[in-house]
Structures are given as C-alpha cells and as structure tokens.
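One structure is given below, encoded as structure tokens.
Residue numbers start from 1 in every chain, and the chains themselves are labelled A, B, ... in the order their sequence lines are given, proteins ahead of strands. Hydrogens, waters and symmetry mates play no part in the numbers below; they use all other heavy atoms, side chains included.
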Protein chains: 2
Amino acid sequence: MTSNVHMLNKLVHVRSFTEQSADEQKTQSSHLTLICWNIDGLDPDNVFERAKGLLSHLGKYRADVVLLQELVPVSWKILKNIMKDYQFLQGSEDGYFTGILLRKDRVQFLQSNIVKYPTTEMGRNLLIAHVGHPLCIMTSHLESCKASSQERLNQLRRVWKWMKEAPQDHTVIFGGDTNLRDWEVKKLGGLPDGISDVWLMLGEPEESRYTWDTSINDNNEIPNSIRLRFDRLFLRAAAEGAKLQPESMTLIGLEKLKCDYFISDHWGILCTFIFGASEEQCVTD
Amino acid sequence: MTSNVHMLNKLVHVRSFTEQSADEQKTQSSHLTLICWNIDGLDPDNVFERAKGLLSHLGKYRADVVLLQELVPVSWKILKNIMKDYQFLQGSEDGYFTGILLRKDRVQFLQSNIVKYPTTEMGRNLLIAHVGHPLCIMTSHLESCKASSQERLNQLRRVWKWMKEAPQDHTVIFGGDTNLRDWEVKKLGGLPDGISDVWLMLGEPEESRYTWDTSINDNNEIPNSIRLRFDRLFLRAAAEGAKLQPESMTLIGLEKLKCDYFISDHWGILCTFIFGASEEQCVTD
DNA sequence: CCCGGGAGG
DNA sequence: CCCTCCCGG
C-alpha cells in the first residue's frame with residue numbers, strides 16, 4: 001500500500017496541485033467549482049494508471065469542492081498524500097466509502113457529520129460538511145442496482161430531509177452517485193419543494209445527461225448499450241441573502257487511458273456555480 | 001401418446017362419467033356447477049397418476065362447466081376419450097392451452113370464440129363459449145410470473161372488456177388462472193363497474209382464498225411458503241331477467257396421490273351458482 | 001411458478 | 001453495475 005503511494009507521487013505532476021492559473025484567479029471570488037465522481041475504486045484493473053488519470057483531472061481543475069464515491073483505503077491514501085492543499089473528510093475508514101475534499105484556500109471547513117442509513121445492506125451513508133459562505137456540502141453513494149430500488153429511495157428521502165433541515169442560512173449542495181432512474185424520482189412524486197436538480201436547472205443539456213454509459217464506457221465489459229443518469233447534484237437555496245446559481249455542467253473522464261480503460265465506469269461531473277444576489281433581491285433592491 | 005390414452009381408459013372408472021347421483025338430479029335445474037383448474041400439464045412427473053386423479057375429481061363432481069388451463073395435447077386426448085358426455089373446446093392445438101368442457105345434457109353449446117392477446121410472449125389467449133340460458137363462459141391463463149405484470153394487466157383489461165361487451169342478455173362467467181396479485185388489481189383501480197370477483201361476493205372465505213400454496217403443495221419443490229390467489233372467477237350479471245348468484249366455492253385436489261404428488265401445483269376451484277330472480281325483480285314483483 | 005444469487009453477454 | 005438466463009432453495 002505504502003509503496004503504491006510512493007510510486008504515484010513520482011508519477012503525477014505534484015506541481016499542478018500547488019500552482020494557480022490566471023484564469024482561476026480571475027473567477028475565484030465569484031464562482032464555486034465542484035467535481036463529483038464515482039471513481040470505481042472496487043475495480044482492481046489498472047489501478048495505477050486510473051489513479052494517475054484521476055489525479056491529472058483533479059490537478060487540472062483544482063475544484064473548490066471534490067465529492068468522490070467508491071474510494072478505497074489505498075486510493076484515499078494516494079490522494080491525501082498528493083493533494084496537500086485539500087482538507088479530507090471520509091465517510092468511513094474501511095471497505096469503500098465516500099469522501100469530501102475541500103480546497104483549503106477556497107472553502108473554510110467548519111464541521112462534518114456522518115449520517116447512517118439504518119437499513120442499508122451495502123454500508124452506505126451520507127457525508128456532510130459545513131463550510132464558510134455558509135454552505136452545506138453533502139455526498140453519498142446511494143444503494144446500488146435496480147433490485148435495491150426501495151432501499152435507494154429510502155436513502156434519497158433521507159438525503160432530501162437532511163437538505164431541507166440544514167440551517168436556513170446555508171446553501172445546500174448535494175452531489176453523489178444516486179443510482180437513480182427517472183421513474184424512481186417520479187414514483188416519489190418528483191423533487192420536493194425547495195430542492196432542485198442542477199442538471200434540470202441548466203436546461204437538461206444532452207451532452208451531460210448520462211454519467212454512466214456503456215455505449216462508450218467498456219470498463220465493465222457490458223455488451224448492451226445502457227445509458228443512465230446515475231450521478232446527480234441537488235441544490236437547496238438559502239432562505240435569504242446571496243444565492244448560488246448553477247452556471248455550467250460538463251462531464252470529465254471521457255478519454256481512454258493508454259491501458260484502454262477509462263478512469264472509472266462513471267464519468268465525472270464538473271459543475272460551476274456563480275454567487276449572486278437572490279432573485280428577490282434583484283427585484284426588490 | 002395413443003397408448004397413454006388407452007392406459008388411462010383402463011385405469012379410471014369410466015362408469016362415473018355416465019351415471020348421475022340422486023343429489024345431483026335434485027339440484028340440477030336450479031344450480032350451475034363449475035370447476036376451474038390449472039392442471040399443470042407442463043410438469044412431466046407422474047403424469048398418469050395425476051391425470052387419473054384429475055379424472056377422478058371430474059367424474060366425482062360432473063360439473064356442468066369445466067375450465068382447464070395448462071392442458072397439453074396428451075392430457076386433452078385423454079380427457080376427450082373418456083368424458084364422452086362433454087363438449088370439448090380448446091384454446092389452441094399445440095403447446096399448452098386452455099379448454100372449456102361443457103356437459104352436454106346440462107348446457108347447450110351455441111358458439112365459441114378465441115381472442116388473441118396481441119402482445120403475449122407466452123402464447124396466451126381468451127377462450128369464450130356462448131351457451132344456453134343464455135350464458136357466456138370464458139377462460140384464460142394470463143401471463144405468468146411476477147415480472148410479466150404489465151402484460152398480465154393488459155390481458156386482464158382485455159378480459160374485462162370482453163366481459164362487459166358480451167350480449168347484455170347473457171350472464172358472463174370468467175374463470176381462469178389469472179396469476180394476479182391483489183396489488184395489481186388495485187393498480188388498475190379495482191374491479192370495473194359491473195364485474196364482480198366471485199370469491200369476494202362469497203365473503204372472502206379464508207379456506208378457499210389461496211389457490212396456489214407452497215406451504216402445502218410441494219409439487220414445485222419451493223422451500224419458501226408462498227400463498228397466492230392466482231385462480232379467480234369473475235361474474236358479470238345479465239342486464240335483466242333471471243340472475244346467477246354464486247352459492248359456494250371450495251378448493252379441490254388438496255389430497256396427495258400415492259406418488260407423493262398433488263394433481264397439480266394449483267388447487268382446483270369448485271363453484272356452485274344458483275339461478276334466481278334478480279334483486280330488482282324480488283323487490284318490484 | 002416463489003425468491004435470490006451467480007454466471008455470462 | 002446493465003440485462004437475461006439458469007439454478008438452487
């Protein structure tokens with residue numbers, strides 16, 4: 001394990017994690033950037049090259065907030081050893097788990113919280129970080145597989161409940177691998193009042209619809225072409241004051257590595273938000 | 001195949017199919033008796049002993065109408081060769097199929113009809129017989145297995161439509177293996193106006209609720225105890241004039257054969273109806 | 001003809 | 001982590 005970390009420290013361009021581009025400085029005060037990605041840490045194939053690819057993306061975008069799912073201890077250690085300018089929060093110590101990475105010079109960590117799903121059979125939970133602005137950042141990897149729809153929807157209801165009950169002065173951003181099918185959200189009566197799906201807010205851009213797509217991604221060697229929007233961001237606005245508006249959403253990790261694998265069987269989501277006055281304020285002020 | 005029929009002709013007491021009990025004569029003018037049974041003709045085990053058991057029951061009750069599902073050509077030939085006093089109508093020539101058997105001295109056959117289910121993947125259809133009184137008799141074996149719920153409900157809607165649209169002077173009796181779960185009927189908004197579930201009309205007698213019951217019936221070697229009301233009778237009253245009222249419903253085929261098998265994995269339904277004046281007539285005449 | 005799990009595509 | 005098929009319970 002330790003030698004793996006050393007090897008990767010050599011492989012990646014550590015430089016990229018400490019420098020800051022001019023473009024980035026230009027926008028940093030008005031924007032929040034976020035990456036959400038299930039990195040398929042359970043797949044034992046081409047672990048090093050895939051980790052290298054992941055680090056390359058994380059270093060390229062230097063997002064303010066990184067939400068990861070299917071981390072395993074070895075990948076966690078690798079990231080932690082290289083991304084020294086991020087605060088690391090993990091959903092669990094062992095098995096596979098989620099993580100929240102907060103860029104220290106951009107978001108001020110205040111406190112974190114782990115919420116258990118009482119009936120999960122896959123060890124899933126909800127990881128929450130309260131940070132400055134104020135923001136509440138959440139991630140989860142909801143129960144996998146079609147057959148676990150009921151449990152997944154239980155977990156989704158719990159996520160939505162926590163989003164609603166977060167402090168009213170906080171903007172709440174949830175990002176995760178929801179494993180959701182559209183009919184499941186419909187079954188719950190659609191999104192609850194006050195919670196928005198960021199991809200819907202952006203007008204359902206077709207090019208960032210499917211985050212899991214076996215018509216392109218053959219990491220899992222699934223012969224059927226199946227495309228699903230498993231990975232989603234939800235937003236709950238703060239009650240008043242400055243609001244956060246989604247600005248763009250693109251998918252990352254779309255390129256094949258030399259080993260003929262993709263970084264993960266999921267694409268990553270790169271999303272930018274813009275801090276702005278609330279609509280109410282625009283009208284009334 | 002032919003030798004099978006000969007063997008069974010020797011085995012069964014053919015006598016029972018031509019004699020008539022005193023009790024039967026007493027009630028025949030006022031009552032209609034019906035048997036509905038999925039006889040599991042696809043199960044290749046103990047075919048002769050099970051067929052013998054079936055013939056024994058059919059000879060014992062000499063029902064006016066017998067509705068069978070999962071007949072196969074060999075069982076069809078056996079029954080046809082022995083039950084000479086019945087008119088035989090079959091839903092199909094090959095594979096497995098449904099049949100309507102009409103006791104010639106009790107019900108007058110007028111015409112029959114086979115209605116295709118356009119999207120069945122299991123070759124299912126609706127078999128209809130118009131007989132005197134006038135009655136319209138229907139049977140079907142709706143799409144099997146939980147996974148085929150959607151197709152099964154399509155077929156159920158079609159059955160109900162045909163029941164509703166039968167000539168208004170006819171009483172309509174449907175009996176078959178519906179493979180229905182209660183939640184599926186609820187999903188359709190319950191029984192449509194004008195169509196009744198005979199078991200419900202009789203006050204939901206607990207002892208004839210489950211027609212498929214692996215807690216007792218081990219023909220399928222299913223270790224879990226699962227009880228379902230797959231086999232159902234529906235009734236649509238004639239618009240006016242004499243009505244048919246359900247009187248009793250009992251399950252048959254509950255006893256084990258010497259081979260340690262039951263006749264079928266389904267119990268049979270034995271149902272009696274009584275011809276009587278309609279409620280309206282009772283009040284107004 | 002139930003359910004769940006495992007293999008293969 | 002898709003789906004279907006098959007098998008065992």
Side-chain angles (χ1 to χ4, degrees), chain A residues 37-45 50 69-70 72 96 121-124 141-152 176-184 210-232 253 261-267, chain B residues 37-45 50 69-70 72 96 120-124 141-149 151-152 176-184 210-232 253 261-267:
Chain A
W37 206 343
N38 178 326
I39 59 167
D40 200 13
L42 293 174
D43 185 343
D45 292 332
R50 288 168 47 222
Q69 302 84 41
E70 272 193 54
V72 290
Y96 61 98
E121 292 183 353
M122 303 178 185
R124 307 299 170 82
H141 179 189
L142 302 189
E143 209 82 348
S144 304
C145 301
K146 193 178 189 182
S148 296
S149 178
Q150 200 54 59
E151 171 61 18
R152 173 166 49 254
D177 175 3
T178 66
N179 280 305
L180 282 170
R181 285 71 171 165
D182 289 336
W183 59 266
E184 294 179 311
Y210 301 110
T211 64
W212 194 86
D213 183 349
T214 67
S215 74
I216 299 169
N217 192 307
D218 57 357
N219 275 21
N220 284 329
E221 296 171 358
I222 292 169
N224 307 319
S225 286
I226 293 156
R227 308 190 294 176
L228 290 161
R229 191 164 73 90
F230 278 158
D231 303 275
R232 304 189 182 199
Y261 263 62
F262 293 95
I263 291 169
S264 168
D265 61 332
H266 291 247
W267 309 137
Chain B
W37 206 343
N38 178 325
I39 59 167
D40 199 12
L42 293 173
D43 184 343
D45 292 332
R50 288 167 49 222
Q69 302 84 40
E70 271 193 56
V72 290
Y96 61 98
T120 180
E121 292 183 353
M122 303 178 185
R124 308 298 171 83
H141 180 190
L142 301 189
E143 210 83 347
S144 303
C145 302
K146 192 178 187 180
S148 296
S149 178
E151 170 61 17
R152 174 167 48 253
D177 175 2
T178 66
N179 280 305
L180 282 170
R181 284 73 170 164
D182 290 336
W183 59 266
E184 294 179 311
Y210 301 110
T211 65
W212 194 86
D213 183 349
T214 67
S215 73
I216 300 168
N217 192 308
D218 56 357
N219 275 21
N220 284 328
E221 294 170 1
I222 294 170
N224 307 320
S225 286
I226 295 158
R227 306 189 298 176
L228 291 162
R229 191 165 72 92
F230 278 159
D231 303 274
R232 304 189 181 198
Y261 263 62
F262 293 95
I263 291 170
S264 168
D265 60 333
H266 291 247
W267 308 138

Under 4.0 Å between a side-chain N or O of [X] and OP1 or OP2 of [N]?
X      : N     : value
A/S144 : D/dC1 : yes
B/H141 : C/dC1 : yes
A/N219 : D/dC1 : no

Just jot down the side-chain contact (heavy atoms from CB on, under 4.5 Å) partners of [X], sequence neighbours excluded, or say none.
X      : answer
B/T120 : B/Y117, B/M122, B/R124, B/E143, B/E151, B/Q155
B/I216 : B/D213, B/F262, B/W267
B/R181 : B/K146, B/R152, B/N179, B/W183, B/E184, B/L228, B/F230

Rounded to the Å, how far apart are [X] [atom1] and [N] [atom2]?
X      : N     : atom1 : atom2 : value
B/R181 : C/dC1 : CZ    : C1'   : 9 Å
B/D231 : C/dC1 : CG    : P     : 9 Å
A/W267 : D/dC2 : CH2   : P     : 16 Å
A/I216 : D/dC1 : CD1   : P     : 18 Å
B/D40  : C/dC2 : CG    : C1'   : 14 Å
B/Y96  : C/dC1 : OH    : C1'   : 11 Å
A/E143 : D/dC1 : CD    : P     : 10 Å
B/D218 : D/dG9 : CG    : C1'   : 14 Å

Are any protein N/O atoms closer than 3.5 Å to N/O atoms in nucleotides 7-9 of chain C? If there are, list each pair with its distance.
from: C/dG9; atom 1: N2; to: A/N224; atom 2: ND2; distance (Å): 3.0

Please pick, from C/dC3, D/dC1, C/dC1, the nucleotide with the shortest atom-to-atom distance to any side-chain atom of B/K146.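 For B/K146, the side-chain atoms sit closest to C/dC3.
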What nucleotide among D/dC2, C/dC1, C/dC2 has an atom nearest to a side-chain atom of B/L228? C/dC2
Between A/D231 and A/W212, is any side-chain donor less than 3.5 angstrom from a side-chain acceptor? no
Mind checking if B/D43 touches a base, just sugar-phosphate, or nothing, with heavy atoms under 4.0 Å? nothing
Carboxylate-amine/guanidinium proximity below 4.0 Å for A/R227 and A/D182: no
Name all residues meeting the salt bridge (Lys or Arg N to Asp or Glu O under 4.0 Å) criterion together with B/D43; count only those two or more places apart in sequence or in a different chain, and write none if there are none.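 B/D43: no salt bridge (Lys or Arg N to Asp or Glu O under 4.0 Å) contacts found.
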When rounded to the nearest Å, what value does the distance between P atoms of C/dC1 and D/dG9 take? 22 Å
Please list, chain by chain and in numerical order, all residues satisfying ring pair (Phe, Tyr, Trp, His ring centres under 6.0 Å) with A/Y261, sequence neighbours excluded.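 Per chain and number, A/Y261 pairs via ring pair (Phe, Tyr, Trp, His ring centres under 6.0 Å) with no residue.
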